[in-house]
Amino acid sequence: MIRFNSVSKRFGNVLAVNRVSFTAKKGEIIGFLGPNGAGKTTTMRLILGILSPTEGEINVEGLSPTESRISVVKRIGYLPENNPLYKNMSVSEYLKFIADVKKDNNWKEVVESVGLNEKINTQIGKLSRGYKQRVGLAAALISNPQILILDEPTSGLDPLEQDKIKSLIKKIGKNKTIIFSTHILSEAEDVVNRVIIINEGKIMYDGSKPKRKGGLDKLFRKVIKGE
Amino acid sequence: MLALYKKDLGRYLNNLTGYLSIGLFSMIISFLFVKDIFIVGSVSLIPLFDLLVWGLAVFTPVLSMSSFSDEKKDNTLEVLLSLPVSEAQIVASKVLSIFTLLIITLFLTLSLPISISFLTHDVYIPEVLVGYLGVILAGLAFVSVSVFISSITENRVLSFIASLVILMSLLLMGSDFFASFAPRSLQGVLNSISPVYYYRMFSRGVIELKAVLYFIAMTVVFIFMTVVELEKRN
């Protein structure tokens, strides 16, 4: 479980996250939506303890990420924005490195589950964007973490690749807490069961996903643009 | 920690640049040393140790410049920080992997004292070993300075230049050339700051506790500063 209690994060004069409060429970796939620069990535970095809050309290499975970063990240699989990877490594070298650090020997099962078998010996720099995204996702899934933080996991992918990643997230999300950020609404619509809309660092909406197709788009416009 | 070390070392050993840097450094040092033997006509290993410390002031920034700069530029530092490893382990792995390369490089230069010992039968082995201990300690300290500089910038060229300037300035402070210009009252202070003063004890075959402590303290201080830099959560 993740709990944010009136959390703010300030960078100089810029208030990136403004008194954000929410709770994410097991089995929830939360679409963390908002325009670019809304505070989505900052919030995700706060969950992992990569950033510390200026104000407020964060609790991940009973631990504070600022005080116990290592214990917290053991429970989280993270796919950062733009999916940074070591491009000179092969897929197997990279995933074995992540598995060694996470002390998990079952990385080959993850390779199979994300469909990377045929590219296992390919250098990461030579992979297509879709396959790179799978490598990032595989790295996040190693050690079977109970929480997944996925920052724009389908960004820049073609529709076919997007569908594959989305169905993968749905499949693995049944017994986990997943926070999935995106600024493209159609990406979230098929996957999430709860929606948090953030803008200018503030939570503008936190509730269930609209049932009608295209309802999320309407909700977003209403919340962000007041249409 | 071992996984991090293997990854960092592999970054150098899995491409040609790492081998080229090592080979080039050993070749340049060997050439300059052998050239001096023919010009001066006397065989002493002191010039080799002098060459090595100045060479390290260029070589360690070359090896270290991308250590953190590239991780920051490519955002892979965020990947590392999302893994269950401490900042100290991340820094130690970088320093140790570069230090390993340094040891390999220094091993290659051992051919010089070995050749000289065959030619002159006038090489006192313990003196050579103490000289190399000095090179190793100075090298480790220089690596920690360069890794720290790399941790404060995303630009590897800037990291190289800044490390080079700092290390060269430290060496120049203790050089005879600089001493001839500096006021006499300042010379003592500059000597006590410069690695040259302490390094010379080793290159002349003497192990002094204050010299060992100087290089260890320099290493620890810069490693600590790098860890603090990574721990900033701003």
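Protein chains get the first letters and strands the later ones, always in sequence-line order, with residue 1 at the start of each. Predicted model, so just to flag it, every value in this text is computed and none were measured.
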Other residues, nucleotides, ligands: >12 heavy atoms within 6.0 Å of A:K132 NZ: yes

Close side-chain approach of B:L83 to A:Y78, heavy-atom, < 4.5 Å: no

Per-residue contact mode, A:Y86 against chain B (heavy atom under 4.5 angstrom): both

Spacing of B:D8 atom CG and A:F97 atom CZ [to the nearest 0.5 Å]: 7.5 Å

Side chains of B:E78 and A:I50 in contact at under 4.5 Å (non-hydrogen atoms): yes

Minimum heavy-atom distance between A:R69 and B:V85, given as atom pair plus value: NH2-O, 2.6 Å

Portion of B:Q89 that has a non-hydrogen atom of chain A nearer than 4.5 angstrom: neither

Where A:L48 and B:S82 come nearest, the two heavy atoms and their spacing: CD2-CB, 3.9 Å

Heavy-atom contact with chain A under 4.5 Å, split by part of B:L4: both

Exceeds 12 heavy-atom contacts within 6.0 angstrom, atom CD of A:E57: no

Over 12 non-hydrogen atoms of neighbours within 6.0 angstrom of NZ in A:K74: no

Side chain to side chain, B:D74 and A:P84, heavy atoms closer than 4.5 Å: no

Nearest-0.5 Å distance, CG of residue A:L85 to CG of residue B:N75: 10.5 Å

Greater than 12 external heavy atoms within 6.0 Å of A:K176's NZ: yes

Enclosure of A:E200 CD (heavy-atom neighbours >12, cutoff 6.0 Å): no

Nearest-0.5 Å distance, NZ of residue B:K7 to CG of residue A:D100: 12.5 Å

By side-chain hydrogen bond (donor to acceptor under 3.5 Å, both in side chains) - contacts of A:R194 (at least two apart): A:E28, A:D206

Selection from A:N82, A:N83, A:L79, A:I70 maximising heavy-atom pairs under 4.5 Å formed with chain B: A:I70

